[in-house]
Amino acid sequence: MITKNYRQLVLSASMLAHALSAPVYAFPDCTNSTAQDTITGRERAGEIRAESEGKKAENKEFLDKFRSLPPEARIDIWKQSNDDKYRGSIEFRIADRIQDLLIIEGTDTVPRLAAIVRDRDQRYFYRFWAVRILADMDRYIPAADLPKGAVATLVINELNIRGAVDPFLQVTGRRIGDEGRKSLEWAAKEADDKWLQFFARDALGLEKQELEGSTIDEQVGRWRDLVAQSKRTEGRPESFLRETLGRLIVERAPDSLSVLVDLLNNDKDRHVKTAVVGLIRAVDAYRFRLRKTDLGRSTIEAVHKAVIRGEVKVECPQCGTPASTWAELSNQFNNDDFGLNPGTLGAHYAQMLHVLYGENTIKVVQVGTSIRQEWAIPEFTAFIAFLTDKDPFFPSWEYSYSGPPYSEAFHPRFADKMARIEDAWKQYKAGGMASSVE
């Protein structure tokens, strides 16, 4: 999926910081503000809203004109939107939407993008993003065709356009044709730049295919070395390899667990040991519940010892001691806490049961006037325990997947998996009603 590029992220962050630094109300040193202060604050708030609405109108006008331009002109504007020389321009401000619009409806720009990929005189930045745009363009699904439960990840509100990239689709040329597909294949095999070659291979799924052919020891060994280097490799090919290998190792559990525990017990690098704990947590959430098997319970105990001894530094802002860190981890391992708040696996399952089957599994929380959050109901933690007792491998029913939850609905067997979880929910509710009657 294409996301906002680094320069645009920096710009957005600076704009947000500027907006936040200009408060709606000015608070003087005294305890009581005057009526004039309140009026001034309201006037400033109105000015900010008017400025925001003005920019939205400008964005829409620009995007409407952009859509009507010939392919070569749109590619020129796309390049300008990522060039610091145009920092004050509208195109720089909405670089992400320009790029998304190319993915969504820019198939006529394929020849230009393919030429950029092959042109060694082009900046690497443009060649890299041309590869990503072509791959995502071929896998793009409009909102009308999204499977039930899928989330639109490409959204251009100004034009009321929504859709998403299906990560499970292979790049075949179904939208970019032979010219686009062959340019990606050329980059994967013959590109003069090694990074460009890697990211083309990654976009075509070739890197993952090659890694899948390795033994567990080879996968874990290579992953360990990449983790040890990770502080120097974010955004580089090594970080993508590390993420892919991590998911493959999780999918190969329980066979991979003994190798991970050996790393946790014997590796000298604290950063590596901490990352091992992350993979073990992922195994418990996405592959099978550790507490239900002897191997899993011994793995949990190995994590417990490493945490209490201070050998790992698990990310947990509210945990000030090893004991509190272990309490947090134990909630997942032993108390079946998959989370209830949006973004957690528990909320994901609850939302899907609600969307697909109309089950009363979510609680809507309104934040302010415009944000609507869907939380799992408190009872859902007990349902995770029920699933765990029913089948410890329920997280990997039908298939193993540890990627972003918002993309899972694209998996070809997602509906089958959710049907099984729905059946389990009915059994859980029926059992609860029977117990209450007794």
Side-chain angles (χ1 to χ4, degrees), residues 216-236 238-341 343-347 381 384-385 388 392 395 402-405:
I216 290 176
D217 286 340
E218 290 170 340
Q219 288 178 351
V220 174
R222 190 172 183 188
W223 173 83
R224 183 262 170 225
D225 292 341
L226 289 168
V227 169
Q229 305 165 13
S230 63
K231 293 182 180 179
R232 304 187 300 273
T233 60
E234 291 305 321
R236 297 163 63 103
E238 294 89 339
S239 64
F240 286 81
L241 281 174
R242 184 184 71 243
E243 180 180 348
T244 301
L245 280 167
R247 289 178 179 171
L248 290 176
I249 292 166
V250 169
E251 291 172 8
R252 296 186 74 170
D255 295 340
S256 57
L257 270 186
S258 60
V259 186
L260 289 177
V261 172
D262 183 64
L263 266 187
L264 182 61
N265 290 336
N266 300 308
D267 203 276
K268 303 301 182 186
D269 190 320
R270 190 186 191 197
H271 188 55
V272 170
K273 293 163 82 78
T274 299
V276 168
V277 172
L279 287 192
I280 290 172
R281 293 185 75 181
V283 168
D284 186 61
Y286 298 106
R287 181 62 177 147
F288 78 102
R289 301 306 318 285
L290 297 177
R291 69 175 177 84
K292 296 298 289 186
T293 69
D294 290 338
L295 175 60
R297 286 189 289 271
S298 65
T299 300
I300 292 173
E301 183 54 27
V303 173
H304 181 202
K305 290 178 180 177
V307 170
I308 295 302
R309 292 170 180 165
E311 296 172 354
V312 297
K313 187 178 181 180
V314 178
E315 185 175 345
C316 180
Q318 70 272 23
C319 302
T321 65
S324 60
T325 299
W326 171 245
E328 179 77 12
L329 295 178
S330 184
N331 276 337
Q332 175 188 323
F333 290 139
N334 299 314
N335 300 329
D336 309 309
D337 184 0
F338 276 29
L340 302 176
N341 55 302
T344 62
L345 197 53
T381 299
I384 297 297
T388 300
S402 57

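Owing to the predicted nature of the structure, the values given are computational and were not obtained by experimental measurement.
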Taking the side chain as everything from C-beta on, heavy atoms only, tell me whether [X] gets closer than 4.5 Å to [Y].
{"X": "L329", "Y": "V277", "value": "yes"}
{"X": "R224", "Y": "D269", "value": "yes"}
{"X": "L290", "Y": "I280", "value": "yes"}
{"X": "K273", "Y": "L263", "value": "no"}

Task: D225 with R222: basic N within carboxylate O range, under 4.0 Å - done: no
How far does [atom1] of [X] sit from [atom2] of [Y], to the nearest 0.5 angstrom?
{"X": "T388", "Y": "D284", "atom1": "OG1", "atom2": "CG", "result": "8.0 Å"}
{"X": "E243", "Y": "L248", "atom1": "CD", "atom2": "CG", "result": "11.0 Å"}
{"X": "T274", "Y": "L264", "atom1": "OG1", "atom2": "CG", "result": "9.0 Å"}
{"X": "R291", "Y": "D336", "atom1": "CZ", "atom2": "CG", "result": "4.0 Å"}
{"X": "N334", "Y": "R289", "atom1": "CG", "atom2": "CZ", "result": "8.5 Å"}

Any donor and acceptor pair, going by atom type alone, linking the side chain of [X] with main-chain N or O of [Y] inside 3.5 Å?
{"X": "S330", "Y": "W326", "result": "no"}
{"X": "R242", "Y": "W223", "result": "no"}
{"X": "N335", "Y": "D337", "result": "no"}

Locate the shortest heavy-atom distance separating [X] from [Y]; write the atom from each residue and the value.
{"X": "A275", "Y": "V227", "result": "CB-CG1, 3.7 Å"}
{"X": "K292", "Y": "P392", "result": "CB-CG, 3.5 Å"}
{"X": "Q332", "Y": "A285", "result": "NE2-N, 4.0 Å"}
{"X": "G296", "Y": "T293", "result": "N-OG1, 2.9 Å"}
{"X": "G235", "Y": "F240", "result": "O-CE1, 4.0 Å"}
{"X": "S324", "Y": "G320", "result": "OG-N, 3.1 Å"}

Open item on the list: Walk me through whether V303 and R281 qualify under side-chain contact (heavy atoms from CB on, under 4.5 Å).
Closed with: CA-CA 10 Å; V303 173; R281 293 185 75 181; over 6 Å; no
Per-pair distances, 0.1 Å, donor-acceptor, side chain in residues 304-318, under 3.5 Å, sequence neighbours excluded:
| residue | atom | partner | partner atom | Å |
| --- | --- | --- | --- | --- |
| H304 | ND1 | E301 | OE1 | 3.4 |
| Q318 | NE2 | E328 | OE1 | 3.4 |

Open item on the list: Could you go through I216 and I249, starting from their C-alpha distance and side-chain angles, then the distance that decides it, and tell me whether this counts as side-chain contact (heavy atoms from CB on, under 4.5 Å)?
Closed with: CA-CA 7 Å; I216 290 176; I249 292 166; over 6 Å; no
Open item on the list: Using the salt bridge (Lys or Arg N to Asp or Glu O under 4.0 Å) criterion, which residues pair with R287? Sequence neighbours excluded.
Closed with: none
- [ ] Check the pair V283, T299 against side-chain contact (heavy atoms from CB on, under 4.5 Å), reporting the backbone distance first and the verdict last.
- [x] CA-CA 11 Å; V283 168; T299 300; over 6 Å; no
